[in-house]
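In what follows, a single structure is set out as structure tokens and then discussed.
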Amino acid sequence: MPGFRPGRATEKQVESHFRKEIRADVGSRCVERLSRQAIEAEKLNPIGPISVSDVELEPGRPLRFLARFTTAPEFDIPDLAALVLPEGTDAERRDAASVWLLENMDTNVPDAVVEWELSFGDDSGATPGSAEWNAARDRAKLLLVLRAIARRDGVDVDDRDVDERIETMAGSLGTTARQLRNELLQKGGLRRVRTFMLAERTLDYLLEISGGL
């Protein structure tokens with residue numbers, strides 16, 4: 001702490017000086033984790049942004065918050081036994097798997113989810129039917145089916161994986177992991193990071209099983 005030699009500041013002084021940062025860090029981690037645990041416990045299937053409000057975080061009292069989200073539409077997962085990937089690099093085979101999944105998946109993606117996907121790029125003003133809108137819809141649709149495959153077949157990303165990815169991202173952006181995590185949580189980006197990591201892992205899983213189906 002400024003004005004103190006290392007190890008000389010008291011616990012109360014440290015808590016007072018860093019209270020805002022500590023609460024933000026604890027709050028972001030707990031809200032993200034507890035939201036996910038509650039969703040899994042209730043066997044819910046959210047898609048798109050999870051809006052968090054009314055966060056109550058006080059020492060000695062239960063953490064409370066309100067989470068709102070859109071439920072994913074019902075659909076059948078394409079028959080993976082029909083998935084045959086061509087020879088090529090892993091990147092080319094992942095692209096081929098993605099195209100095949102999109103071509104063999106029959107469902108509509110809610111407009112709110114497409115709008116959320118657009119919000120992370122430079123096409124947030126795109127309108128339904130435009131090339132930008134259709135591209136965002138396909139990305140959201142692909143993430144939806146990859147997540148469904150992951151849920152069914154036990155593919156997962158744990159908190160340590162996400163923490164390591166955030167550390168790497170923070171280093172490349174010249175910021176701290178704590179600051180980046182808090183920024184991502186406020187924008188719904190933390191869940192997006194986990195979703196993309198799960199999609200990457202699921203595509204790798206499809207590459208592994210495609211030859212043995």
Side-chain angles (χ1 to χ4, degrees), residues 36 39-40 44-50 69-124 126-169 172-173 184 187-213:
R36 183 158 36 85
I39 287 168
E40 291 173 355
L44 303 175
N45 190 15
I47 181 176
I50 296 180
F69 56 86
T70 300
T71 301
E74 295 290 335
F75 63 91
D76 293 326
I77 296 175
D79 181 10
L80 298 183
L83 174 61
V84 178
L85 298 179
E87 295 293 331
T89 65
D90 283 351
E92 292 170 340
R93 299 179 75 223
R94 289 190 194 97
D95 288 343
S98 298
V99 171
W100 185 88
L101 289 171
L102 285 173
E103 291 176 346
N104 289 274
M105 178 185 178
D106 184 19
T107 191
N108 292 320
V109 179
D111 286 354
V113 177
V114 180
E115 291 169 356
W116 186 61
E117 179 66 28
L118 286 165
S119 72
F120 290 98
D122 298 326
D123 303 315
S124 57
T127 56
S130 66
E132 295 81 6
W133 179 279
N134 292 339
R137 181 199 58 205
D138 285 347
R139 290 196 301 272
K141 187 176 179 180
L142 178 61
L143 291 173
L144 182 60
V145 68
L146 287 171
R147 190 180 62 171
I149 293 170
R151 284 164 63 96
R152 187 192 68 180
D153 293 2
V155 181
D156 197 12
V157 172
D158 62 30
D159 292 338
R160 184 174 58 182
D161 296 327
V162 177
D163 287 343
E164 290 176 355
R165 179 65 63 89
I166 291 175
E167 288 278 359
T168 301
M169 292 170 61
S172 66
L173 294 172
L184 288 171
K187 301 175 182 178
L190 190 59
R191 183 160 175 266
R192 181 176 170 82
V193 170
R194 181 182 291 274
T195 298
F196 266 89
M197 290 180 66
L198 184 63
E200 291 169 357
R201 190 158 293 182
T202 305
L203 282 171
D204 287 340
Y205 163 73
L206 293 179
L207 264 59
E208 292 176 5
I209 68 171
S210 62
L213 289 172

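Every heavy atom of this structure was used, including side-chain atoms; hydrogens, water molecules and symmetry mates were not.
- Partners of Asp156 by side chain to side chain contact (heavy atoms under 4.5 Å, CB included), not counting sequence neighbours: none found.
- In plain terms, the two heavy atoms of Leu80 and Leu101 that are nearest each other are CD2-CD2, 4.3 Å.
- Thr71 places none of its side-chain heavy atoms less than 4.5 Å from the side chain of Leu44.
- Remark: Ser130 pairs with Ala126, Thr127, Glu132, Trp133 by the side chain to side chain contact (heavy atoms under 4.5 Å, CB included) rule, at least two apart or across chains.
- Summarising the geometry of Ser210 relative to Arg93, their closest heavy-atom pair is OG-NH2, 3.2 Å, with the distance given to 0.1 Å.
- One finds the CG atom of Leu83 at 9.0 Å from the CG atom of Asn104 (value rounded to the nearest 0.5 Å).
- Within 6.0 Å of atom CZ in Arg152, more than 12 heavy atoms from other residues, nucleotides or ligands are found, so the atom counts as buried in its surroundings.
- The salt bridge (Lys or Arg N to Asp or Glu O under 4.0 Å) test applied to Arg201 returns Asp161, not counting sequence neighbours.
- Partners of Asp163 by side-chain hydrogen bond (donor to acceptor under 3.5 Å, both in side chains), not counting sequence neighbours, listed by chain and number: Arg181.
- In terms of the salt bridge (Lys or Arg N to Asp or Glu O under 4.0 Å) criterion, residue partners of Asp204 (sequence neighbours excluded) are, by chain and number, Arg94.
- Here the side chains of Trp116 and Thr70 are not in contact, with every heavy-atom distance at 4.5 Å or above.
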For this session: Start with the C-alpha gap between Thr202 and Asp153, add the side-chain angles, then the distance that decides, and say whether side-chain contact (heavy atoms from CB on, under 4.5 Å) holds.
Result: CA-CA 9 Å; Thr202 305; Asp153 293 2; over 6 Å; no
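- Residues forming a salt bridge (Lys or Arg N to Asp or Glu O under 4.0 Å) with Arg137 (at least two apart in sequence, or on another chain): none.
- Applying the side-chain hydrogen bond (donor to acceptor under 3.5 Å, both in side chains) test to Asp111 and every residue at least two apart in sequence or in another chain returns nothing.
- Annotation: side chain to side chain contact (heavy atoms under 4.5 Å, CB included) contacts of Glu40 (sequence neighbours excluded): Arg36.
- Every residue was checked against the side chain to side chain contact (heavy atoms under 4.5 Å, CB included) condition with Asn108, not counting sequence neighbours, and none meets it.
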Exercise. What's the verdict on side-chain contact (heavy atoms from CB on, under 4.5 Å) for Asp90 and Leu207, showing C-alpha distance, side-chain angles and the deciding distance?
Worked result: CA-CA 8 Å; Asp90 283 351; Leu207 264 59; 3.9 Å; yes
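- Side-chain contact check for Phe196 versus Val157: every heavy-atom pair is 4.5 Å or farther apart.
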Under 3.5 Å, sequence neighbours excluded: what are the donor-acceptor pairs made by side chains of residues 138-147?
unit_1: Arg139; atom_1: NE; unit_2: Glu117; atom_2: OE2; d: 2.9
unit_1: Lys141; atom_1: NZ; unit_2: Met105; atom_2: O; d: 3.2
unit_1: Arg147; atom_1: NH1; unit_2: Pro46; atom_2: O; d: 2.5
unit_1: Arg147; atom_1: NH2; unit_2: Asn45; atom_2: OD1; d: 2.9
unit_1: Arg147; atom_1: NH2; unit_2: Pro46; atom_2: O; d: 2.4

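- Counting only residues at least two apart or on different chains, no side chain to side chain donor-acceptor pair (under 3.5 Å) pair has a member in residues 72-85.
- Here Glu200 pairs with Arg165 under the salt bridge (Lys or Arg N to Asp or Glu O under 4.0 Å) rule; sequence neighbours left out.
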